[in-house]
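Bear in mind the structure is a predicted one, so any value in this text is a computation, not a measurement. In what follows, chains are A, B, ... by sequence order, proteins preceding strands, each numbered from 1.
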2 protein chains.
Amino acid sequence: MKKSEDTKKRILVAAEEEFAQKGFYGARVDEIAECAEVNKRMLYAYFGNKEELYKTVLLNVYNSLSLAEDSLIENDKNTDAATAVQNVIGLYFDFLKNNDNFVRMLMWENLNNANCLKSAKTQNIKKNMIDYIEKKICEGKIEGIFSQNASAQRVTTALLTFVFSYFSNKHTLSLVLDKNLASQEELNTHREFVCDLIINYLKN
Amino acid sequence: MKKSEDTKKRILVAAEEEFAQKGFYGARVDEIAECAEVNKRMLYAYFGNKEELYKTVLLNVYNSLSLAEDSLIENDKNTDAATAVQNVIGLYFDFLKNNDNFVRMLMWENLNNANCLKSAKTQNIKKNMIDYIEKKICEGKIEGIFSQNASAQRVTTALLTFVFSYFSNKHTLSLVLDKNLASQEELNTHREFVCDLIINYLKN
DNA sequence: ATATGAAGTAACTAATTAGTTACTTATGAA
DNA sequence: TTCATAAGTAACTAATTAGTTACTTCATAT
């Protein structure tokens with residue numbers, strides 16, 4: 001690997017950590033440079049300014065989920081509808097559990113009214129997954145295991161919010177419920193619960 | 001009202017707006033002072049420093065939900081279990097829809113690992129509502145309309161996350177789903193969907 | 001070997017920010 | 001009226017921050 005590539009990568013790794021932890025306003029360019037063991041000058045040389053660096057990090061993080069989604073879509077082409085839906089839920093649980101930075105970056109972005117995502121023209125970023133869920137629900141209806149009334153859009157919204165919110169709210173919720181939501185046990189319970197709710201809804 | 005009380009109130013109103021919009025790091029003390037039409041000196045005289053002001057705002061905002069919860073608990077003492085659960089869902093929908101600052105402050109707090117809430121010893125802040133839901137589910141089981149397997153903790157988590165996440169993720173989700181989740185129509189649909197899911201779960 | 005452009009360094013600037021200080025004005029009880 | 005205290009002001013400080021500049025070192029193709 002060229003040395004400059006290595007430097008860029010170190011900057012991106014450090015920046016992801018810093019931005020995920022502290023957000024755009026809280027993040028310090030000097031801190032990123034120090035963590036990356038890179039001179040601040042290089043950071044500006046490669047990424048222009050703080051905002052461009054932030055956008056790059058956000059898109060990278062977002063893209064890593066897209067890759068996982070596409071891989072599941074490819075693998076589950078011939079899986080039956082009910083299992084496929086459960087696998088999607090499982091994918092999000094696993095991904096969000098292992099990618100705290102993703103959860104946090106998306107929260108910052110929501111607080112920023114999705115401005116960076118908007119300006120990055122990523123409108124179609126989730127299209128593959130949405131189409132896939134729609135297709136699987138359609139298959140389930142034809143097989144006769146899903147209700148004809150089931151709405152793909154409802155299920156997609158539910159999937160995304162029910163799983164994401166568990167992770168994004170784990171700190172305040174753990175406090176309020178006096179339970180550690182990050183524990184494997186609680187996580188498994190919630191996963192099953194969400195699966196049951198959604199499959200129940202689909203089967204009516 | 002004493003003039004100082006009026007000044008304090010103006011500071012709190014301006015601070016809530018500023019902190020909700022920009023978070024602790026992004027918020028500017030000078031901006032708060034200007035919006036409140038108050039000299040910065042007074043802000044420090046009354047609230048000590050930026051962090052103390054932030055905590056005060058957070059607790060105020062949090063407390064406004066508690067008041068709404070307590071009022072519903074009082075009113076629905078004798079309401080049947082199923083309606084009572086639906087009313088709780090409705091309460092959260094209405095409250096969050098009308099209190100964007102609450103949603104945002106809680107998101108900032110989650111990103112801050114709930115540190116302010118922790119230090120503020122608000123562990124019992126949701127106890128009334130949790131106990132109430134537990135009681136209503138218990139009543140439902142006795143009446144025979146709810147399944148004996150239904151878990152109050154599951155329902156409470158679901159209530160809090162399913163409704164909150166709709167609002168906290170509305171910006172990125174609207175983009176991804178290419179729908180305006182803030183519209184009254186989408187809101188009603190999601191409310192009904194959440195009600196159905198939860199009541200279905202309770203009735204098994 | 002060496003010339004050239006890319007990679008890297010350290011010290012700087014200009015702007016912004018939380019928090020302070022020394023001072024003035026209003027209020028209300030004796 | 002007067003005097004003590006509470007409320008308010010404007011200008012300041014010290015620290016921090018994003019971004020820049022003028023310079024040096026390194027790698028490599030010829």
Residue pairs fulfilling salt bridge (charged side-chain N to carboxylate O under 4.0 Å, His left out) with at least one residue in residues 23-38 of chain B, sequence neighbours excluded: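 Only B:Asp30-B:Lys40 qualify under salt bridge (charged side-chain N to carboxylate O under 4.0 Å, His left out).
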
Where at least one partner belongs to residues 154-174 of chain B, residue pairs that pass salt bridge (charged side-chain N to carboxylate O under 4.0 Å, His left out), sequence neighbours excluded: A:Glu186-B:Arg154, B:Asp100-B:Lys170

Nearest-Å distance for atom pair [atom1]/[atom2], residues [X] and [N]:
X: A:Met42; N: D:dC26; atom1: CE; atom2: P; value: 14 Å
X: A:Leu43; N: C:dA7; atom1: CG; atom2: P; value: 15 Å
X: A:Asp6; N: D:dC26; atom1: CG; atom2: P; value: 17 Å

Polar side-chain atom of A:Asn180 near backbone of A:Ala182 as donor-acceptor pair, under 3.5 Å: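 Indeed, once roles are kept as given, a pair shorter than 3.5 Å links the two residues.
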
Contact letters for nucleotides 17-22 of chain D, in which S counts primed atoms plus P, OP1 and OP2 and B counts the base, heavy atoms under 4.0 Å: SBBBBB

Any residue meeting ring-ring contact (aromatic ring centres under 6.0 Å, His included) with A:Tyr166, in chain and number order, not counting sequence neighbours: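 Scan of A:Tyr166 (ring-ring contact (aromatic ring centres under 6.0 Å, His included), adjacent residues dropped) gives A:His190.
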
Terminal axis angle for the helix from C:dA1-D:dT30 to C:dA30-D:dT1, five pairs an end, nearest 10 degrees: 0°

Partner residues of A:Asp94 under the salt bridge (Lys or Arg N to Asp or Glu O under 4.0 Å) criterion, sequence neighbours left out: A:Arg191

Any A:Thr7 side-chain nitrogen or oxygen under 4.0 Å from OP1 or OP2 of C:dA7: no

Cation-aromatic face contact A:Lys50/A:Phe24, 6.0 Å, 45 degrees: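 Yes; both conditions hold, so A:Lys50 lies above the ring face of A:Phe24.
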
Charged N-O contact under 4.0 Å between A:Lys127 and A:Asp131: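 Looking at A:Lys127 and A:Asp131, the cut-off is met.
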
Closest contact, heavy atoms only, A:Ala82 versus A:Ile199: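 Heavy-atom minimum between the residues: O-CD1, 3.8 Å.
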
